[in-house]
Amino acid sequence: TMKNPVPQAASLLLEKLLLLVHVRTLPSGSGGEPPPPAPGYYDTSCFKRGDLLEVPRTLFIHFGIYLGENRVAHLMPDILPALTGDRRQIQQVVTNKRLILGVITKTASIRVDTVEDFAYGGSILVNHMDRLFEDQVLASEEAARRAEKLVGATAYSLLWNNCEHFVTYCRYGAPVSFQTDKFCETLKMIIRDQRSVLASVLVGLASIACLGLAPSTTLPTIFIPFVLWMAG
């Protein structure tokens with residue numbers, strides 16, 4: 001008997017969609033990266049060392065740990081740490097190309113950026129996840145020290161080791177990702193529901209048509225242009 005290709009297609013589609021959480025939206029007609037907000041754009045006086053910062057994006061949320069003095073530690077997919085040890089190059093703002101290649105090669109870095117570079121113009125929520133962990137919230141200094149110890153190159157997985165896993169480990173002691181779990185559960189419900197056969201088929205077709213899914217192709221050549229088009 002032939003295996004149902006829909007779950008596999010849906011899984012691959014999930015990974016590609018999760019990539020978009022980190023891709024910064026480029027202004028229409030722009031061929032380069034938009035400049036980050038000027039220093040002082042955010043009022044950091046309300047942030048405390050060890051705070052968990054959330055920046056809602058188009059599809060998901062980006063997370064970081066505030067270290068004080070306008071510095072945020074956050075996990076970003078990035079190919080550059082695997083290619084060079086030049087800290088000046090690595091510390092430059094991560095471009096879309098570096099990010100996409102980092103996701104593909106499963107390489108990343110936990111880096112320290114200014115609040116402006118971290119949030120990139122988005123609104124910031126502070127310790128919004130504390131309500132979900134109640135008594136598990138670690139001391140603020142402990143959270144900050146955990147983040148500082150992890151700064152540097154690291155492995156990356158869209159599903160198992162992303163920016164949310166990083167911050168929940170630092171502030172709550174356990175690496176979890178609620179947004180990834182929720183998305184996975186939604187896909188499972190669509191696939192398992194016999195009344196949603198059409199939706200399941202559409203997921204598979206979307207994977208094939210938009211992501212170039214093929215049994216003999218592990219890295220479709222159209223994937224990168226597709227993501228860049230979505231970010232444009």
Side-chain angles (χ1 to χ4, degrees), residues 11-26 33 36 50 52-67 71-120 122 124 129 143-181 183-184 211 218-220 223-224 226-228 230-231:
S11 178
L12 290 175
L13 178 60
L14 168 63
E15 285 204 334
K16 308 316 177 188
L17 287 176
L18 283 176
L19 168 63
L20 300 181
V21 62
H22 299 290
V23 176
R24 301 186 178 107
T25 302
L26 301 179
E33 295 289 333
L52 192 158
L53 307 185
E54 300 182 28
V55 180
R57 306 271 179 154
T58 303
L59 296 176
F60 293 91
I61 302 171
H62 188 48
F63 298 86
I65 296 292
Y66 188 65
L67 301 180
R71 299 174 302 129
V72 182
H74 60 127
L75 190 154
M76 284 282 289
D78 187 6
I79 186 64
L80 204 55
L83 302 178
T84 179
D86 189 334
R87 293 185 179 181
R88 291 185 179 181
Q89 291 187 40
I90 294 174
Q91 192 57 35
Q92 293 177 2
V93 175
V94 178
T95 63
N96 286 338
K97 291 181 180 179
R98 283 171 56 182
L99 183 150
I100 292 171
L101 290 174
V103 171
I104 292 172
T105 59
K106 297 183 179 181
T107 59
S109 67
I110 295 171
R111 50 187 288 132
V112 178
D113 286 310
T114 64
V115 172
E116 288 76 19
D117 284 344
F118 161 74
Y120 229 79
I124 300 177
M129 295 180 69
R145 288 180 179 177
R146 285 187 172 213
E148 289 171 336
K149 288 180 180 179
L150 293 174
V151 169
T154 185
Y156 185 78
S157 169
L158 289 164
L159 299 179
W160 316 120
N161 188 37
N162 60 39
C163 60
E164 188 175 6
H165 292 103
F166 164 66
V167 298
T168 52
Y169 165 75
C170 291
R171 187 164 177 85
Y172 310 118
V176 297
S177 177
F178 291 109
Q179 58 184 345
T180 299
D181 293 343
F183 200 94
C184 288
L211 305 178
T218 56
L219 179 59
F223 170 55
I224 294 177
F226 168 72
V227 173
L228 292 179
M230 289 289 290

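Just so it is clear, the model here is predicted, and its values are computed rather than measured. The figures here come from the full heavy-atom set of this structure, side chains too, leaving out hydrogens, waters and symmetry mates.
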Minimal non-hydrogen separation, Thr84 against Ile90, with atom names: O-CD1, 3.4 Å
Residue pair Val55, Tyr120: steps toward the side-chain contact (heavy atoms from CB on, under 4.5 Å) verdict: CA-CA 9 Å; Val55 180; Tyr120 229 79; over 6 Å; no
Shortest non-hydrogen contact from Pro175 toward Thr168: CA-OG1, 3.5 Å
Interatomic distance, Leu53 atom CG to Leu67 atom CG [nearest 0.5 angstrom]: 9.5 Å
Pair Gln92-Leu80, side-chain contact (heavy atoms from CB on, under 4.5 Å): steps then yes or no: CA-CA 10 Å; Gln92 293 177 2; Leu80 204 55; over 6 Å; no
Heavy-atom closest pair, residues Arg98 and Asp78: NH2-OD2, 2.6 Å
Student check: side-chain heavy atoms of Asp113 and Met76 closer than 4.5 Å: no
Under the side-chain hydrogen bond (donor to acceptor under 3.5 Å, both in side chains) test, residues paired with Thr105 that sit two or more places apart: Thr107
Shortest non-hydrogen separation from Phe63 to Met129 and the atoms involved: CE2-SD, 3.4 Å
Minimal non-hydrogen separation, Val72 against Gly64, with atom names: CG1-CA, 3.9 Å
Inter- and intrachain pairs under salt bridge (charged side-chain N to carboxylate O under 4.0 Å, His left out), touching residues 151-165, at least two apart: none
Pair listing, salt bridge (charged side-chain N to carboxylate O under 4.0 Å, His left out) test, anchored in residues 82-95, at least two apart: none
CG on Leu159 to NE2 on His165, rounded to 0.5 Å: 8.0 Å
Closest approach of Leu150 to Cys170 (non-hydrogen atoms, all atoms of both residues): CD1-SG, 4.4 Å
Expected output: side-chain Gln91 to main-chain Val112 donor-acceptor under 3.5 Å: yes
Flag, side chain of Asn161 to backbone of Ala155, donor-acceptor distance under 3.5 Å: yes
Ring geometry between His62 and His74 (parallel below 30°, tilted from 30 to 60°, perpendicular above 60°): perpendicular
Leu83: side-chain contact (heavy atoms from CB on, under 4.5 Å) partners, not counting sequence neighbours: Ile79
Approximate separation, where rounding is to 0.5 Å, of Ile124 CD1 and Glu54 CD: 11.0 Å
Set of side-chain contact (heavy atoms from CB on, under 4.5 Å) partners for Ala108, sequence neighbours left out: Leu75, Thr154, Tyr156
Any pair counted as salt bridge (charged side-chain N to carboxylate O under 4.0 Å, His left out), so long as it reaches residues 168-177, sequence neighbours left out: Asp130-Arg171
